[in-house]
Amino acid sequence: MKIMSWNVNSVRVRHDRLLALLDRHAPDVLCLQELKTEDKGFPFEAVRAAGYHAVTLGQKTYNGVALLSRTEPAEVLRGLDDGVEDPQARLISARYGDTRVVCVYVPNGGEMGSEKWAYKQAWYARLIAWLSRNASSRDALALCGDFNVSFDDRDLKDPAAWVDGVLYHPDARALLKGVVDWGLVDTFRQHQSEGGHYSWWDYRAGAWQKNDGLRIDFILATQALAARCTAAGIDIAERKPPKKSPDGKDDNPSDHAPIWAEFGDAAG
DNA sequence: ATGGTTGCTTAGCAA
């Protein structure tokens, strides 16, 4: 089973790239974040024609998440569903066979001390509560998406430049640790211990050209699932800006690269 | 350089 996750940064602008990604990787499940459209703007027909089921939690302008899959999803859950008044579409989950997949777009957090930072802190706490309500760390579960936090110095080109910000402040790292401590393993680090592997490069200031990136997208697995993880990686080629085409038609990449993890079949 | 770029929605916000 190959699980992928991609912050697509507008599913409408990335329509052709999405179909190409499905063709290139043939994932069993693809988690998408930042659809930036309501459900009616999602390309259901094209995805179905490519051989995928799709369940979505869209939102106008911002956020929005989806799960694409070869097999039919079961037990689809939308939103944090905790009684908190919150219009932001940031979580969708479904079960595929024995494995529950959770797709999240964690809030960025703006600046430390801001209202957005408070929302990010609260959202992490609500996510852990959601996990405890809807799953067990003994189950096969993959929590995938854009977590807007890096784990450690290996995950950033320039840790000093980010340590006071919402993506890498010690208080931000503590939020991510809280999720991992619920009972999850970073599948990428099961297979790669070196630094210099990133999943997001700011569009601004030539970050891609300087490889000034951060690894903030993860596929986190419970021990039951992580034990079957045979490989994991990042498709950085998808992030590479293409040569300007002669007709001037934009074919920009998302600012995030897709990430993936492969899992063997469950024993017995 | 309080900068830079992209997307949604149309001048300002979010990332």
Side-chain angles (χ1 to χ4, degrees), chain A residues 5-21 31-43 56-66 86-91 103-124 144-150 155-158 160-169 171-173 175-176 198-218 234 236-245 247-259:
Chain A
S5 179
W6 189 26
N7 182 321
V8 70
N9 188 17
S10 172
V11 75
R12 288 180 290 179
V13 165
R14 231 65 68 193
H15 177 277
D16 292 355
R17 284 179 174 269
L18 171 60
L19 296 181
L21 187 83
C31 305
L32 293 175
Q33 302 90 36
E34 282 209 86
L35 305 179
K36 292 189 169 182
T37 180
E38 296 172 294
D39 287 347
K40 64 186 179 190
F42 188 88
T56 61
L57 180 64
Q59 182 185 334
K60 185 180 170 70
T61 310
Y62 303 120
N63 309 315
V65 284
D86 186 349
Q88 299 193 30
R90 296 182 176 275
L91 183 150
C103 171
V104 295
Y105 175 44
V106 175
N108 173 285
E111 295 180 11
M112 294 298 295
S114 67
E115 282 188 24
K116 287 177 185 170
W117 165 249
Y119 177 69
K120 182 179 193 172
Q121 289 181 294
W123 205 93
Y124 262 105
C144 316
D146 175 359
F147 289 79
N148 269 313
V149 178
S150 287
D155 295 333
L156 313 77
K157 169 135 184 168
D158 188 0
W162 295 92
V163 70
D164 294 327
V166 292
L167 303 185
Y168 199 55
H169 189 284
D171 292 350
R173 276 178 274 170
L175 298 176
L176 184 58
Y198 311 129
S199 67
W200 172 76
W201 295 257
D202 199 310
Y203 281 131
R204 297 167 290 186
W208 169 262
Q209 287 73 16
K210 293 183 280 191
N211 195 24
D212 185 8
L214 289 78
R215 195 174 70 95
I216 56 176
D217 300 85
F218 312 116
I234 306 172
I236 60 169
E238 171 56 39
R239 175 62 180 84
K240 184 183 169 74
K243 293 253 191 335
K244 271 283 187 207
S245 59
D247 59 8
K249 198 163 178 286
D250 286 339
D251 182 28
N252 293 325
S254 169
D255 46 355
H256 292 254
I259 63 172

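Reminder, nothing fancy here: chain letters follow the sequence lines and each chain counts from 1.
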Pairwise 5' ranking along DNA chain B for A:Asn9 and A:Pro107, keeping only the more 5' one: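 The residue whose closest nucleotide sits nearer the 5' end is A:Asn9.
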Judged by each residue's nearest nucleotide on DNA chain B, which is more toward the 5′ side, A:Trp200 or A:Val13?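 This one resolves to A:Val13.
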In whole Å, measure the gap between the [atom1] atoms of [N] and [M] for me.
{"N": "B:dT10", "M": "B:dT5", "atom1": "P", "value": "23 Å"}
{"N": "B:dA14", "M": "B:dG4", "atom1": "C1'", "value": "15 Å"}
{"N": "B:dA15", "M": "B:dT9", "atom1": "P", "value": "15 Å"}
{"N": "B:dA1", "M": "B:dC13", "atom1": "C1'", "value": "22 Å"}
{"N": "B:dC8", "M": "B:dT2", "atom1": "P", "value": "29 Å"}

Spacing of [X] atom [atom1] relative to [N] atom [atom2], expressed in whole Å:
{"X": "A:Asp146", "N": "B:dA14", "atom1": "CG", "atom2": "P", "answer": "17 Å"}
{"X": "A:Arg239", "N": "B:dA15", "atom1": "CZ", "atom2": "P", "answer": "17 Å"}
{"X": "A:His15", "N": "B:dG7", "atom1": "NE2", "atom2": "C1'", "answer": "17 Å"}
{"X": "A:Glu34", "N": "B:dG7", "atom1": "CD", "atom2": "P", "answer": "11 Å"}
{"X": "A:Gln59", "N": "B:dA14", "atom1": "CD", "atom2": "C1'", "answer": "12 Å"}
{"X": "A:Arg12", "N": "B:dG7", "atom1": "CZ", "atom2": "P", "answer": "12 Å"}
{"X": "A:Arg17", "N": "B:dT6", "atom1": "CZ", "atom2": "C1'", "answer": "13 Å"}
{"X": "A:Asn63", "N": "B:dT9", "atom1": "CG", "atom2": "P", "answer": "12 Å"}

Listed in order of residue number, which residues of residues 109-123 of chain A have a non-hydrogen atom at under 4.0 Å from DNA chain B?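 Those residues are A:Lys116.
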Which nucleotide in the list [options] gets nearest to the side chain of [X]?
{"X": "A:Arg90", "options": "B:dA15, B:dC8, B:dT6", "answer": "B:dA15"}
{"X": "A:Tyr62", "options": "B:dA15, B:dA14, B:dC8", "answer": "B:dA14"}
{"X": "A:Tyr105", "options": "B:dT9, B:dA15, B:dG7", "answer": "B:dA15"}

For the student: nearest non-hydrogen atoms of [X] and [Y], plus distance:
{"X": "A:Arg12", "Y": "A:Lys36", "answer": "NH2-O, 3.4 Å"}
{"X": "A:Asn148", "Y": "A:Leu167", "answer": "O-CD2, 3.1 Å"}
{"X": "A:Arg173", "Y": "A:Tyr168", "answer": "NE-O, 2.9 Å"}
{"X": "A:Leu91", "Y": "A:Trp123", "answer": "CB-CZ2, 4.4 Å"}
{"X": "A:Ala66", "Y": "A:Phe42", "answer": "CB-CE1, 3.9 Å"}
{"X": "A:Ile236", "Y": "A:Trp208", "answer": "O-CH2, 3.6 Å"}

Would you give the length of the straight line joining atom [atom1] of [X] to atom [atom2] of [Y], rounded to the nearest 0.5 angstrom?
{"X": "A:Asn7", "Y": "A:Cys103", "atom1": "CG", "atom2": "SG", "value": "9.5 Å"}
{"X": "A:Arg239", "Y": "A:Trp201", "atom1": "CZ", "atom2": "CH2", "value": "7.0 Å"}
{"X": "A:Leu176", "Y": "A:Asp171", "atom1": "CG", "atom2": "CG", "value": "13.0 Å"}

Contact list (N/O, under 3.5 angstrom) for nucleotides 3-5 of chain B vs protein:
residue, atom, partner, partner atom, Å
B:dT5, O4', A:Tyr203, O, 3.3

Can we say A:Glu238 and A:Arg17 salt-bridge, meaning some charged N sits less than 4.0 Å from an Asp/Glu carboxylate O?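 Looking at A:Arg17 together with A:Glu238, the answer is yes, because their closest N to O distance falls below 4.0 Å.
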Could you tell me whether the phosphate oxygens of B:dT9, OP1 or OP2, come under 4.0 Å of any side-chain nitrogen or oxygen in A:Lys60?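 A:Lys60 to B:dT9 OP1/OP2: side-chain N or O found under 4.0 Å.
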Can you tell me if the side-chain N/O atoms of A:Ser254 get under 4.0 Å from OP1 or OP2 in B:dT6?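 The answer is no; no side-chain N or O of A:Ser254 sits under 4.0 Å from OP1 or OP2.
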